[in-house]
There are 2 protein chains.
Amino acid sequence: MSLASLVRKLEQFVRLSPVDHVILNRASTERVRHFGPRVDIVREGEKPKDVHLILSGWACRYKQLEDGRRQVVSFFLPGDICDVNVFILREMDHSIGTITAVSIADLSREFFDKVAAGHPRIVTAFWWETLVNAAIQREWTMSLGQRTALERMAHLLCEIWLRLRLAGLTQGDSCDFPLTQGDLADATGLSKVHVNRTLQELRADGLIVLKGKTLAVPKLDRLMRAALFNPNYLHMDHEGRQLDAVPVSPDAVAG
Amino acid sequence: MSLASLVRKLEQFVRLSPVDHVILNRASTERVRHFGPRVDIVREGEKPKDVHLILSGWACRYKQLEDGRRQVVSFFLPGDICDVNVFILREMDHSIGTITAVSIADLSREFFDKVAAGHPRIVTAFWWETLVNAAIQREWTMSLGQRTALERMAHLLCEIWLRLRLAGLTQGDSCDFPLTQGDLADATGLSKVHVNRTLQELRADGLIVLKGKTLAVPKLDRLMRAALFNPNYLHMDHEGRQLDAVPVSPDAVAG
DNA sequence: CGTTTTCAATAACGTATGTTACATTGCACC
DNA sequence: GGTGCAATGTAACATACGTTATTGAAAACG
């Protein structure tokens with residue numbers, strides 16, 4: 001129920017003015033909606049009306065084939081924006097569903113028009129968000145096409161970890177992790193059974209501690225190596241602002 | 001060496017003004033470069049300088065792992081724009097390489113600033129391009145995660161076919177097709193051997209005729225069915241402007 | 001606070017796709 | 001108009017991952 005993650009993330013990239021803060025703050029307090037866990041926010045085929053900003057909770061974007069096969073194509077964490085400017089399209093080509101209980105703010109076309117007209121830094125920040133999301137989608141393509149089950153799993157966990165940390169949602173080496181093995185299967189294109197095997201292997205190698213709904217990553221650099229993880233695609237730095245500008249543990253980024 | 005494909009594609013979605021045409025025309029004749037086949041236009045790690053518009057030829061975006069595994073994450077056909085606004089990022093997270101000989105126009109940051117300031121329809125058209133590219137990338141995620149080799153191959157061929165047709169680059173039921181089986185392997189995440197097997201099967205089923213550098217699709221609707229292809233993600237229509245506004249064969253879009 | 005449902009774990013077995021190897025065809029280039 | 005190299009085609013064999021089934025342990029629920 002907070003704007004903090006979005007602002008923290010965007011300010012990683014662009015310095016926003018006090019007026020920009022007011023604009024974002026207003027946008028994220030008007031028109032707030034709440035959803036339970038495992039519920040659809042948006043359905044494929046609908047006309048897109050608003051852009052959604054995740055204030056709290058986890059959600060995912062997914063697609064389904066006629067015969068029921070389901071692929072999660074991205075995860076939404078607090079501070080994520082679903083699709084800047086989607087409303088120019090006639091209909092949604094995918095669905096968005098919640099994982100946990102979720103609060104969202106609906107951002108209208110008018111909001112974007114106003115931003116475009118008078119708030120160039122927010123425009124830049126939103127372009128950054130858009131470009132990073134595109135890069136993440138490409139990296140998923142890479143993972144699904146080339147990485148083995150183990151690498152793929154490790155990669156996904158690294159990515160989520162770094163994104164959570166950027167949003168200020170990690171505590172030490174652990175974080176909240178509400179995804180089930182079924183969710184992980186739908187996201188990695190593996191079967192649930194093989195997801196289980198793969199997690200066991202990561203545990204046995206001491207790369208993760210995953211229990212209940214909590215994930216710990218004791219040695220991020222080792223997990224990254226197992227994943228062939230190159231953080232460049234997250235574009236977490238800009239014009240001298242390095243990732244390390246955020247207080248993080250020293251082993252945070254390998255390389 | 002022509003702007004026609006871009007304009008044809010964008011006008012499918014937004015009606016551009018005469019001034020818009022002039023702007024695009026100027027942008028695509030200044031700063032043109034030519035490349036041979038199988039050559040890199042952009043390399044991962046470089047600082048993005050311009051946005052590239054493909055005037056002629058085929059190219060692809062690809063990523064590589066440290067150990068050499070390579071994934072093609074998208075194809076660029078004539079009329080495609082590589083990445084609207086990439087230059088706000090510090091460095092490229094992927095490479096762009098040519099398939100055939102290619103001519104591109106470099107679009108500068110100033111061009112985009114000018115467009116943003118005074119040409120709202122071009123802005124909308126570019127957003128549409130951006131959103132469709134994102135949707136294509138999601139569909140690739142779906143393909144790689146859920147579709148079988150045969151479905152995946154068929155799906156890729158459908159997609160390329162429809163994109164070429166939108167750009168006005170098909171003749172009857174056939175089109176130029178310069179991709180090698182190696183390219184198809186890198187794009188589908190399959191081995192070259194299995195790509196060969198899969199193409200044989202599509203041929204045996206009469207779904208494609210692929211020989212030399214020409215592809216024919218005698219029954220698009222059947223190929224689409226084999227691919228579980230749903231064209232909605234290409235967003236080829238807008239506010240009453242249907243796909244069929246372009247002169248096409250009746251079996252063009254199934255469903 | 002027992003009951004029901006979901007989620008995780010594990011085993012046995014099946015298969016789609018990968019790998020290696022080599023033959024064939026096509027095509028660019030002297 | 002051969003000669004060389006890239007692209008295609010095929011076969012035999014290997015394996016990473018899928019499927020089905022069952023059990024146990026947590027949560028969710030009334």
Exercise for the section: Check the distance between D:dT19's C1' and A:R69's CZ and give it to me in whole angstrom. Expected result: 15 Å

Problem - Of the listed nucleotides C:dG18, D:dG18, C:dT17, the one nearest the side chain of A:R197 - result: D:dG18

Practice task
Please check if any side-chain donor atom of B:Q137 sits under 3.5 Å from a side-chain acceptor atom of B:N133, or the reverse.
Solution key: no

Practice task
Could you tell me the separation between the NE2 atom of A:H194 and the P atom of C:dA16, rounded to a whole number of Å?
Solution key: 17 Å

Completion exercise
Separation of D:dA16 atom P from A:L144 atom CG, nearest Å, is 19 Å

Handout entry: Whole angstrom value for the distance that separates P of D:dA25 from CD of A:Q181
Key = 16 Å

Practice task
For the residue pair A:R203 and A:V209, establish whether any side-chain heavy-atom pair is separated by less than 4.5 Å.
Solution key: no

Completion exercise
Closest to the side chain of A:S191, out of C:dA11, D:dG18, D:dG9, is D:dG18

Exercise for the section: Measure up the A:Y233 and A:H155 rings against each other and bin them: parallel (under 30°), tilted (30 to 60°), perpendicular (over 60°). Expected result: parallel

Handout entry: Value in whole Å for how far the P atom of D:dG18 lies from CZ of A:R70
Key = 17 Å

Practice task
Verify the contact: side-chain N or O of B:N196 to OP1 or OP2 of D:dT8, cut-off strictly under 4.0 Å; return yes or no.
Solution key: no

Problem - Nucleotide nearest B:A149 (side chain, heavy atoms from C-beta), chosen from C:dT19, C:dT17, D:dG9 - result: C:dT17

Exercise for the section: Rounded to the nearest angstrom, tell me the gap between atom CG in B:L210 and atom C1' in D:dT8. Expected result: 11 Å

Handout entry: Check: B:R197 and B:H194 side chains under 4.5 Å, non-hydrogen atoms
Key = yes

Completion exercise
note: A:M153, atom CE; D:dA16, atom P; distance rounded to Å ~ 19 Å

Handout entry: Sugar-phosphate only, base, or nothing, as touched by A:R203 at under 4.0 Å among non-hydrogen atoms
Key = sugar-phosphate

Practice task
Would you mind reporting whether B:I136 and B:S74 have side-chain heavy atoms less than 4.5 Å apart?
Solution key: no

Practice task
Tell me which of A:K211 and B:K213 sits closer to the 5' end of DNA chain D, going by the nucleotide each one is nearest to.
Solution key: B:K213

Problem - Of the listed nucleotides C:dT17, D:dG18, C:dT10, the one nearest the side chain of A:Q200 - result: C:dT10

Problem - Whole angstrom value for the distance that separates P of C:dT5 from CZ of A:R38 - result: 18 Å

Practice task
Would you indicate what A:L190 reaches in the nucleic acid, counting non-hydrogen atoms under 4.0 angstrom: base, sugar-phosphate, or nothing?
Solution key: sugar-phosphate

Exercise for the section: Name the closest nucleotide to the B:V193 side chain, picking from D:dT10, C:dT17, D:dG9. Expected result: D:dT10

